[in-house]
Amino acid sequence: MDESNATCGKRLASIGLENTEANRQAYRTLLVTVPGLGQYISGAILFEETLYQSTTDGRKIVDVLVEQNIVPGIKVDKGLVPLAGSNNESWCQGLDGLASCSASYYQQGARFAKWRTVISIPNAPSELAVKEAAWGLARYAAISQDNGLVPIVEPEILLVGDHGIDRTFEVAKKVWAEVFFYLSQNNVLFEGILLKPSMVTPGAEAKDRATPEQVADYTLRLLHQRIPPAVPGIMSEVEATLNLNAMNQAPNPWHVSFSYARALQNTCLKKWGGRPENVKEAQEALLVRAKANSLAQLGKYTGEGESEESKKGMFVKGYVY
């Protein structure tokens, strides 16, 4: 739930709604008040506006989440900007003032944080971009832990490109080696972080596609080679619930679960359409997706009864977060 106001506006525009705080509030209210959502969702990453917002009936959104047994979190990065001296790559800003902001977020009820930076395979990636991403993540993680927040560490390897799955695997190994080196340099407690790695897949424009079993095999090999068992949880950015399910068919030393928004919310948003009379049906759609992913992180998902809408991929070339 951590889309910026501008990105949330794109979601609302897709169903013909104006990007106003009232409409954003109505949509956030719909999401957090789904009856029984806490059975399948354990945490919700919020944008700053939402952390301080109330529902349409005047209750604090943070309090509603806690009542649902869902832990509130907060997106703390300030977005991507061009990285000077790189191969047309980006770096993630937001370290300035992060300590004081994190303390305020904790006071407001947040208990974990999220920082997303990106690596682009078609851009090489350059040594500079990899090092900048890893160092930024490590500083953010150290500052978060110092202020009582559990950091989600997320160097996203973008799907853009026509490279094969082996190229993704090699880049991911390099990136994660660098990330854990700098986490250690910054005295980050591994037991007190969550990881959010991208699944190891071919580029979105690659001719050769990969099965869920292949994606699971490559991703688990990456995790075994690079992630210390001390790390308690891995929250994958997965659009295909089948990929997550396949990963949990094999034993591994971590809790491997899911963390994403668009694929969970897509059907829900369309069913709502901004109409109060559709709220119940929209909430039921979200509960179905949440339950499916809950089953997948137990390795018990079958895909039976899924709608065609829910099977569509969410990849958008050039997507700005």
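It should be emphasised that the depicted structure is a prediction, and the values quoted were computed from it without experimental measurement.
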| Checking side chain to side chain contact (heavy atoms under 4.5 Å, CB included) for the pair I193/Q145: CA distance, chi angles, key distance, verdict? | CA-CA 8 Å; I193 67 174; Q145 288 188 344; 3.4 Å; yes
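- Crowding of D57 atom CG: a count of heavy atoms from other residues, nucleotides or ligands under 6.0 Å exceeding 12.
- Ring geometry for F190 against F180 counts as perpendicular: the plane angle is over 60°, on a 0 to 90° scale with 30° as the lower cut.
- Counting only heavy atoms from C-beta outward, the side chains of Y105 and V76 approach each other to under 4.5 Å.
- Using a distance-only test at 3.5 Å, with no hydrogens or angles considered, a donor-acceptor pair links the side chain of W254 to the main chain of P228.
- Annotation: side chain of K131 is in contact with side chain of Y182 (closest heavy-atom distance under 4.5 Å).
- Residues C8 and R28 have side chains in contact (heavy-atom distance under 4.5 Å, counting atoms from C-beta outward).
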| task | Would you sort out whether L149 and Y106 count as a side chain to side chain contact (heavy atoms under 4.5 Å, CB included), showing the intermediate values? | result | CA-CA 7 Å; L149 301 176; Y106 185 93; 4.0 Å; yes
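- Identified under the side-chain hydrogen bond (donor to acceptor under 3.5 Å, both in side chains) test for residues 168-181, with sequence neighbours left out: E127-K174, H163-T168.
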N/O donor-acceptor pairs under 3.5 Å from side chains in residues 278-288, not counting sequence neighbours:
unit_1	atom_1	unit_2	atom_2	d
N278	ND2	K271	O	3.3
N278	ND2	W272	O	3.2
K280	NZ	E284	OE2	2.7
Q283	NE2	L30	O	2.9
Q283	NE2	T33	OG1	3.1

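- A distance-only check finds no donor-acceptor pair linking the side chain of T117 to the backbone of A133 [under 3.5 Å].
- Residue-environment remark: CG (N87) exceeds the threshold of 12 foreign heavy atoms within 6.0 Å.
- In this structure, the side chains of V71 and L65 stay at 4.5 Å or more apart for every pair of heavy atoms.
- Few gaps surround CG on D63; more than 12 heavy atoms of other groups in view lie less than 6.0 Å from it.
- Hydrophobic clustering keeps W135 apart from V153 (ILVMFWY residues linked when any side-chain heavy atoms are closer than 4.5 Å, directly or through intermediates).
- Of all heavy-atom pairs between V200 and V215, the closest is O-CG1, 3.6 Å.
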| message | I'd like to know whether I41 forms a side chain to side chain contact (heavy atoms under 4.5 Å, CB included) with L264, so could you lay out the CA-CA distance, the side-chain angles of the two residues, the decisive distance to 0.1 Å, and finally the verdict. | response | CA-CA 11 Å; I41 301 290; L264 274 180; 4.3 Å; yes
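- One N or O on the side chain of S14 and one on the backbone of R11 form a donor-acceptor pair closer than 3.5 Å.
- The pair E3-K10 does not meet the salt-bridge criterion, since no charged nitrogen lies less than 4.0 angstrom from a carboxylate oxygen.
- Looking at heavy atoms from C-beta onward, Y27 lies in side-chain contact with Q265 at the 4.5 angstrom threshold.
- Put simply, the side chain of C92 reaches to within 4.5 Å of the side chain of L80, judged on heavy atoms.
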| task | Run the numbers on Y140 and D77 for side chain to side chain contact (heavy atoms under 4.5 Å, CB included), then give the verdict. | result | CA-CA 9 Å; Y140 138 77; D77 69 79; over 6 Å; no
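- Remark: R221 is positioned above the aromatic ring of F169, its terminal NZ or CZ atom under 6.0 angstrom from the ring centre and at most 45 degrees off the axis.
- Using a 4.5 Å heavy-atom cutoff, the side chains of E132 and E89 are not in contact.
- With a 4.5 Å cut-off on side-chain heavy atoms, K75 and R116 do not count as touching.
- Nearest heavy atoms, Q68 versus V32: NE2-O, 2.9 Å.
- Closest of all the heavy-atom pairs between N147 and A103 is OD1-CB, 3.6 Å.
- The two residues A206 and P202 make their nearest non-hydrogen contact at CB-CB, 3.8 Å.
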